[in-house]
Amino acid sequence: MEPWDDRGQSIQIGAVLIFAALILLLSLYQATIVPQQNEQVEFDHSRQVQGDLLDLRNAVTSMFGESASRSVSIQLGTTYPSRVLAVNPPPASGSLRTAGTADGSVSFELSNVEAMDEETDDFWGGSVDPYSTGAMVYRPNYNEYGQPPRTVYDSTVLYDNFTFEGSTIARSDQTLVDGSTISLVALNGSIQRSSSGTAAVDVRPVSASSTTVTVTNRDAGPIEIRTATRLPEQRWEELLADQRASEGGNVSDGDDAVRTVPLDAPGYRTLVVELVPGTYELRMAKAGVGTRVTDTSAAYMTDVAADGSTVPEDGSVRLTVEVRDAYNNPVAGVDVTGESTDTAVGTLDAKEVTTGDDGRASFQFETKSVDAATDVPVEFNFTLDPTTPASFDARDPEDVETVVEVQNTQVSGGSGGGGAGYSLEWTDAATVPSPTASAETCPSAPNPCNVTMQSETSEPQIGAPVGFGSNDTSLVRVFRRATATGSDGTAETTVRFERAEGNATLWTQSAGVNATRTVSTPSYESFESGFGKYGVFGTFQGDDPELSTQNANSGSSAVVLRGGDDGGIVTTEYDTTGAEMVVVQYWAQDSGAEANDADTGENEDLVVEYRDAGGNWVEIDRLQALGSANSGQNPTYHRVARIGADAVHGNFSLRFRQVEADSANDEWLIDDPQISVIGEAVGGGTAGGRTPGSGPGGPSGSLAYAGDAEAVDGPDGDATAGGVEFSLANQFGDAVEVQSVTVDYPGANARLNDGVTPNDEPQRTEIYVAGETSDGWVDINGGVDLPNTFDMDADGFDNAGNPETAGGSSFSVYLYEFVDDEGDTLDMSGETITVDVTYSVDGGASQTESYTITVGGGGGGGSDSASQMTYVSGSGGTFWENDGVTFQVTNGGSSAVTVTGVTVNSTSRSQVGQVLEGQTGWYARGQHEVFIDADTDGVLDLDGWPYYDDEGTTELPIDAYRPLTEDATVGTGSTATVDIYQFQNNGGSSVDMSGATVTVTLHFSDGSKATYQVTT
C-alpha cells in the first residue's frame, strides 16, 4: 500500500464517532434524565413524610386520656433506584428537631379565667405561671428537589413553610378552640434526628388524663388564649374563621380578636385569641418527645365527694379529695393529711392517706352522738414544699376545707328508755318513686336527674323526725337530709345518682331505728376518652359512631350518630336480678339536617330501648328529629326513665338507635348515659356491640357452626347417604337473615341434585335453610355444579326468600344430594366440604362466615384450623395511599393455628391485576406483599427475602396461591392483622382500594383453608 493510501481510516473514524455519541448520550442521561427521575423520587418522599408528620401531630394533639406512649415512624430521607451505568448522588436525608422547648418564653397561658368549682379556683384564680411548650421542625436535604418546604408542628397545627417564597400552607386544622372546648397541649423535651432512613419518635403522655375543668371569664371582658407560634397571623385567621361567633363559634368577631404580637424568642410571635364571655370546658395535657422530658408535680387539691356530706350520729361517711398537677390531671403518690376540727363530734379513720393512680385520697369520717345537728369542718392538706410547711389556709391551692353535717336521730320521751316504739323501712320503689310510663324531661339538667325516695314507719307516726343520708356522696347524694313524717307516717327525700360507677348505701333513721337501701350505678359513660361499655350495632348512612367535640352535656365530647339506618350504640348486659327498679338517664341533641339537606326530618328519630327478660327490645323514648334546617336550632333533651319489674332480670341492656335516616347529615349527639339500680348491687361489664369505627356490621357475636354435620340418605330411592345436614347457632343478640350460601366439595368433581319431586321441603331441594322465624330454599331443575353460590331469594327454579332466625336460636341447613358427574350419589360420611354463609344482623350490613365441615366428624368446631379462624366483622380497611388492604381474623379455637399460604382470589376493582411491593423495611405493614401481625409474625415476600433490599421483581397475581416466606402463628384467643400491599394494575400503577371488596383465602398447616370477604 502506498504511504498516502487511507482506505481503512473511515472505519476507525466511524468507531470513534459512535463511541463519542455513546459517551455523549450517557452524559446527557446522567445530566438530565437521572436528576429528573431522582427529583420525582424526592417529591414522592416529600408527600410521604408529610403523612408521617401528620401522624406525629395527631399523636401529640390526641394525648388526652392516653396512658401509654405512642410511637410514630417517620421516613426522614430516601434512596434512589439502582442504576447500571449512571451514578446516583448520596441518599437524600432529612432532620427532625424540636424548637423552642428549652426557651421559657415559648409558652401558652390563659387570662381573665376562673374555675367554676370553688376549690379548683383556688389554683386557677391565683397566679398561674405560663406553660412552656415548643414546636417540631422537619427539614429535608434533597439533592435535586429545589426549595422543598420545611414542615412544622406548632400549637396543634401542622404546616409547610416555603421559606424561599415566604408562604405557608396548613396541612391540618387547629384544635385550640372547638366550640366551647379549649384544648391546650404542651410539647416538652428535646429531639434532634438526622438520617436517610426511618426514625421512630415516641410521644409520651407526661400528663394526659381525660379530666376537664369548667371555666368562665373572671370579669366582663373576653377570655384570652395566648400561645407562642411561628405561623403567620393570616393563617391563624383562616384556621379560626369557622370558630367566629358569627359562624356559631366562640371566637370574638372583632378585627383584632385573632392577632399576633411580638415575642422575645427568635422566629416566634405570640398568638392572642379572644373568646366571648361564657362557660368553657378546659382540657390540658403535656406530651414529651426525645430526651430532657420533665415530669409534672402536684399543684392543687380539690373536693371530689366531701363538702356538704351528711351522716347520722354514730355513723360514718367517706370523704374524697383529689390532687392534681397544673394541667388539671391527677397525681399519684402524694401524701394527704386530714384532720377534724371537732373531734368530740367526729374523727377521721386515718391521719394521712396517699393518693392512688386516680389522684384521689379517701378518708372515713366516723361520728359520735350529738344532741342536735352539728356542722364539722374537716381540713385536708398536702405540702407543696416539705421543707417549709405552711399553716392551713382554705384559700391555698394545696388546702381543702369541707363541712360535714352530723345529724341527731334520737327523740326524747316515750317508753323503752327513749326507744321509738315503731320500726322504719324504705317504701318499695314500685310505689315511690314508681315507674314512668316512658322517659320524662329531667328538670335538674345539666346535672344528673333527681329521684324521690320515701321511708315509712310501721305504725303511722305524725311528726316523727326522720333523717336520710348516703355513705358515699361521690356515688349518690341526698339533698333533703332531715324532715318529719306526715299524717300517713311517711317521709320523703330527694337523691341524685352522681356520674360515677359503683355501689353505695342509703340510710334512713328515726328515734333510734333505721333502715338501709343498696343502690348501684353499674354503667356511666362520659365519652371523654372512649366508648367504655358501649359498642356499635347496625348500619349508618355515614361513618360509624365516633367521639365528637361539636357539643356535649358535660366534659368536651359526646358520641355522634351519623345517619343511623337503623344503627346506634348498645351497652353490655347487666344482671339486675333482685333489684326494685332501674333508673336510666341520658342527654341527647338533634344536631340536625344541614342547610343543604332537603329531607323533612321526619324519619331520623332517636329511639331509646331496653332489653326485657324475654330478650325483646322495649321502647322507652322516641325523640323526634327536627334539625337546624327546619327549626333554626338544635333541640336538646335531658331525659330520665324509671323502669320497674320488666327491667329486673339477668341480661338488662340499653341501646340508642337512630331509625330510617337518609343522609349522613342526619346526626344525633348522645352524652352521659347512666344506668342506676335501686335495691341491688350490680357489677360492671364489658363493651356491647362491635368496636366503634370498625365499619359496618352487626353487634358482637357470631354465626357459629355447631359441629353436628351428618351424612343422611335422602328420599331418592337409593341407600347412599348423599345428603348433608348441620346447624348454625345464632350467637348474636339480634335476628340474623341469611342472604346467600356458597357450597364446595374440594377435590371432587361433584354436583348438588335433589333428584326428587315435589320440592320446597327439607331433603327435597338442593339447599334448604330452616330458621325460627322463617325458612328459605333454592331448588334448581337438574341440579348444579359445585362450587356454587345460592342466592336465597333470587336463584333457582323455585325459592322462598331469605331465611331468618331470632337471637339465641339456630338455623338448620340441608344440602341434597351430593352426586358425581354421572349422577351417582356420593357417600358423604367422613368427607369434608366448605360452606360460606353471607348474612346480616338486625338488618345491618352483610358479613360472611366460612366453615370447613367434616361430615359426621364434627368438622369446623374441633381441631380444624380453618374452622377456628373467624373474620373480625368490620375490620376491613385500607392504609397508606389506600392501595393496601387490611383485615383481622381471630382464633376462637382451643389450639394455636399456623398460616402457611395466601390467595387473593378476587377484588371488585376490575383493573387490579397483581399485588407487588417494592419497599424496603423490617417486619411491618407495607414492607412485604403480605404481612401478618400475629403471635409469631408471618411474611409473604416474593423476592424470597423478607427484610431489606427488596427489589420488588416478582408479583402476586390475583387468584394465585403462594406459600408464605415465613409462617404466622395465631395463638388461641388471639387476633391477627393481615396487611396486603400494594394493589396494582398490570402496568404497575397503584389502585385505590377504598370501598372495594376483596376475597382472600388463608391456607393453614393442617391442609384446611378459610376464605374471607373483606369490605374496605
Quiz item: Hey, does I182 have a side-chain heavy atom less than 4.5 Å from the side chain of L176?
Solution: no
Query raised in the report: Is the F527 ring parallel, tilted or perpendicular to the Y534 ring (thresholds 30°, 60°)?
Result: perpendicular
L282 side chain near L110 side chain, heavy-atom distance below 4.5 Å:
yes
Taken in chain and number order and not counting sequence neighbours, the residues that satisfy side-chain contact (heavy atoms from CB on, under 4.5 Å) with R562 are E546, V560, E667
Is it true that the side chains of R283 and S183 contain a donor and an acceptor less than 3.5 Å apart?
yes
Note: I620 and A641 closest approach over all heavy atoms is CD1-CB, 3.9 Å
I'd like to know if the side chain of E737 pairs up with that of N802 as donor and acceptor (distance under 3.5 Å, no hydrogens or angles considered). yes
Next on the checklist: For a quick check under 3.5 Å, do N328 and T211 share a side-chain donor-acceptor pair by atom type?
Outcome noted: no
The salt bridge (charged side-chain N to carboxylate O under 4.0 Å, His left out) partners of E525 (sequence neighbours excluded) come to none
- Message: Could you tell me if the side chain of T493 sits less than 4.5 Å from the side chain of V495, heavy atoms only?
- Response: yes
Any side-chain donor paired with an acceptor under 3.5 Å for Y586 and D672?
no
Heavy atoms of M63 and A285 approach each other most closely as CB-CB, 4.2 Å
Checklist entry - Does Q1013 reach the side chain of T997, with side-chain heavy atoms less than 4.5 Å apart? => result yes
For E322, the side-chain hydrogen bond (donor to acceptor under 3.5 Å, both in side chains) test, sequence neighbours excluded, returns R324, R360
Side-chain donor/acceptor of S653 to backbone N/O of T571, under 3.5 Å = yes
Q. If we only count heavy atoms from C-beta on, is the V559 to F531 side-chain gap below 4.5 Å?
A. yes
Sorted by chain and number, sequence neighbours left out, salt bridge (charged side-chain N to carboxylate O under 4.0 Å, His left out) with E580 holds for R517
- Query: Does the pair W587 and Y637 meet the rule for a side chain to side chain contact (heavy atoms under 4.5 Å, CB included), with working shown?
  - Reply: CA-CA 6 Å; W587 174 95; Y637 307 88; over 6 Å; no
What one should report as the nearest heavy-atom pair of T636 and Q589 is OG1-NE2, 2.8 Å
Checking D173, T549, D242 against D178 for side-chain contact (heavy atoms from CB on, under 4.5 Å), the one that qualifies is T549
Taking the six-membered ring for Trp, are F468 and W426 parallel (under 30°), tilted (30 to 60°) or perpendicular (over 60°)? tilted
Side chain to side chain donor-acceptor pair (under 3.5 Å) pairs touching residues 437-453, sequence neighbours excluded, are T441-R639
With sequence neighbours left out, the residues meeting side-chain contact (heavy atoms from CB on, under 4.5 Å) with R622 are D605, V607, E619, V659
Scanning both residues in full, the closest heavy-atom pair of T1016 with S994 reads OG1-C, 3.6 Å
* Asked: Any side-chain heavy-atom pair from V451 and T494 closer than 4.5 angstrom?
  -> no
Ignoring hydrogens and angles, state whether a donor on the side chain of T302 or D117 is under 3.5 Å from an acceptor on the partner side chain. yes
Exercise for review: Indicate yes or no for a side-chain donor-acceptor contact from N471 to the backbone of T505 under 3.5 Å, with no hydrogens or angles considered.
Suggested key: yes
Sequence neighbours excluded, the answer for side-chain contact (heavy atoms from CB on, under 4.5 Å) partners of T175 is R57, T61, T156
Just do the side chain to side chain contact (heavy atoms under 4.5 Å, CB included) check on L623 and D590 with the steps written out, would you? CA-CA 9 Å; L623 302 177; D590 174 13; over 6 Å; no
- Item | Residue pair V215 / T120, side-chain heavy-atom distance below 4.5 Å | no
Decide whether H649 and D612 meet the rule of one side-chain donor and one side-chain acceptor closer than 3.5 Å. no
Just by modelled atom types, is the R655 backbone N or O under 3.5 Å from a matching donor or acceptor in the E609 side chain? no
**Message:** Between V677 and V583, is there a side-chain heavy-atom distance shorter than 4.5 Å?
**Reply:** no
Between the CG atom in N503 and the OG atom in S520, the distance rounded to the nearest 0.5 Å is 4.0 Å
The side-chain hydrogen bond (donor to acceptor under 3.5 Å, both in side chains) partners of Q174 (sequence neighbours excluded) come to none
Are E492 and R480 ion-paired here, with the side-chain N under 4.0 Å from a carboxylate O? no
Check whether the side chains of E501 and T521 place a donor and an acceptor atom closer than 3.5 Å, and report yes or no.
no
Problem - Any donor-acceptor pair under 3.5 Å from R499 side chain to Y524 backbone - result: no
Would you say the side-chain atoms of S62 pair up with the backbone N or O of N58, donor to acceptor, closer than 3.5 Å?
yes
Exercise for review: Kindly say whether N616 contributes a backbone atom to a donor-acceptor pair with the side chain of R611 at under 3.5 angstrom?
Suggested key: no
So CD of E528 and OG of S557: to nearest 0.5 Å the spacing works out to 4.0 Å
Across all chains, not counting sequence neighbours, the side-chain contact (heavy atoms from CB on, under 4.5 Å) partners of E772 are T805, A806, S809
Those residues at least two apart in sequence (or on a different chain) that pass ring-ring contact (aromatic ring centres under 6.0 Å, His included) with Y280 are none
**OP:** Say whether, by atom type as modelled, one donor and one acceptor occur between the side chain of N217 and the main chain of V113 under 3.5 angstrom.
**Re:** no
Hits for side-chain hydrogen bond (donor to acceptor under 3.5 Å, both in side chains) against Q454, two or more places apart or cross-chain, chain-then-number order -> T427
- Query: Between E680 and V519, is there a donor-acceptor pair closer than 3.5 Å when you use the side chain of the first and the backbone of the second?
  - Reply: no
* To do: Decide if atom CG of D543 counts as having more than 12 heavy atoms of other residues, nucleotides or ligands within a radius under 6.0 Å.
  => no
inquiry  = Determine whether L654 and V608 satisfy the following criterion, side chain to side chain contact (heavy atoms under 4.5 Å, CB included), listing intermediate values before the conclusion.
reply    = CA-CA 8 Å; L654 180 71; V608 185; 4.0 Å; yes
*Apply side chain to side chain contact (heavy atoms under 4.5 Å, CB included) to the pair T181 and V177, showing each step before the final yes or no.*
CA-CA 6 Å; T181 300; V177 182; over 6 Å; no
Using modelled atom types only, decide if a donor and an acceptor are shared between the side chain of T508 and the backbone of S455 within a distance under 3.5 Å. no
Nearest heavy-atom approach of P522 to V682 is CB-O, 3.6 Å
Of all heavy-atom pairs linking G771 and F811, the shortest is CA-CD2, 3.8 Å
side-chain hydrogen bond (donor to acceptor under 3.5 Å, both in side chains) filter on E274, not counting sequence neighbours, yields R259
Item to complete: Report yes or no: does Q674 contribute a side-chain atom to a donor-acceptor pair with the main-chain N or O of E498 at less than 3.5 Å?
Response: yes
TODO: Compute whether any side-chain donor of one residue and acceptor of the other, for E281 and T214, lie under 3.5 angstrom apart.
DONE: yes
